[in-house]
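Worksheet for the structure shown next.
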Amino acid sequence: MKIIDEVENTTDHFPSELFQEFAGRIDRIMGAAKTISMTAPDHEGLKRIGKLSELCKAVGYKASEQKAIELLPIFAAFLNDTIEIIHELMAAIEDEQKSSQIAGNFSGVLQKRLEWLSSRITGSGTAPGSAKASEAELKALAKRLGLST
């Protein structure tokens, strides 16, 4: 959240380094969630934390490449909202029913934001194995999250 707050307060340049730092940190959350979910493969909260973290990582790296200062508020708002959902899921991690309910409640707004972001993200694809995501990869991730039709 602190990194996203810094992004939101940046007005004079595009903070690529902050997006890269954010993506690196959220990558560790993604790895932890996916590792823990191996012990509880049916736990919806753990699965969603892993997938949302993966989405944030992809958006963070893609944002760092864009350097479009006019998109800063959109990237920051999307990542901020997604991080808040991850926090809610983490707080409810011991209550699988509540985790499932939280996971089901966010899809509409998140889908609209992701579709908008995906339509604005341009550029060449990435090399296989790269940590950075292409627009097609973001759309595929949205589909896996159940956010696209």
Can you list, pair by pair, the side-chain donor-acceptor contacts under 3.5 Å of residues 89-99, counting residues two or more places apart and other chains?
{"from": "Asp95", "atom 1": "OD1", "to": "Gln97", "atom 2": "N", "distance (Å)": "3.2"}
{"from": "Asp95", "atom 1": "OD1", "to": "Lys98", "atom 2": "N", "distance (Å)": "3.1"}
{"from": "Ser99", "atom 1": "OG", "to": "Ala92", "atom 2": "O", "distance (Å)": "2.9"}
{"from": "Ser99", "atom 1": "OG", "to": "Asp95", "atom 2": "O", "distance (Å)": "3.2"}

Donor-acceptor contacts, no H, no angles, side chain residues 5-19, under 3.5 Å, sequence neighbours left out:
{"from": "Asn9", "atom 1": "ND2", "to": "Asp5", "atom 2": "O", "distance (Å)": "3.0"}
{"from": "Thr10", "atom 1": "OG1", "to": "Glu6", "atom 2": "O", "distance (Å)": "2.8"}
{"from": "Ser16", "atom 1": "OG", "to": "Ser64", "atom 2": "O", "distance (Å)": "3.0"}

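Under the side chain to side chain contact (heavy atoms under 4.5 Å, CB included) criterion, Arg28 pairs with Arg25, not counting sequence neighbours. Applying the side chain to side chain contact (heavy atoms under 4.5 Å, CB included) criterion to Ala40, with sequence neighbours excluded, gives His43, Leu46. For Glu84, the side chain to side chain contact (heavy atoms under 4.5 Å, CB included) partners at least two apart in sequence or on another chain are Met1, Asn80. For Glu44, the side chain to side chain contact (heavy atoms under 4.5 Å, CB included) partners are Lys47, Arg48, Ser100, Ala103, not counting sequence neighbours.
The distance from atom OH of Tyr61 to atom CD1 of Ile26, rounded to the nearest 0.5 Å, is 11.5 Å. One distance of note links CG of Leu55 with CG of Leu79; it measures 8.0 Å at 0.5 Å rounding. Remark: Ile29 CD1 to Ile83 CD1 distance equals 6.0 Å, nearest 0.5 Å.
When all heavy atoms are compared, the tightest approach of Ile4 to Ala76 is CG2-O, 3.6 Å.
No path of Ile, Leu, Val, Met, Phe, Trp and Tyr side chains, each step under 4.5 Å between heavy atoms, connects Met30 with Val59, placing them in separate hydrophobic clusters.
Remark: side-chain polar atoms of Asn105 are paired, donor with acceptor, to backbone N or O of Gln101 under 3.5 angstrom.
Salt bridge status for Glu65 with Lys62: present, with a side-chain N to carboxylate O gap under 4.0 Å.
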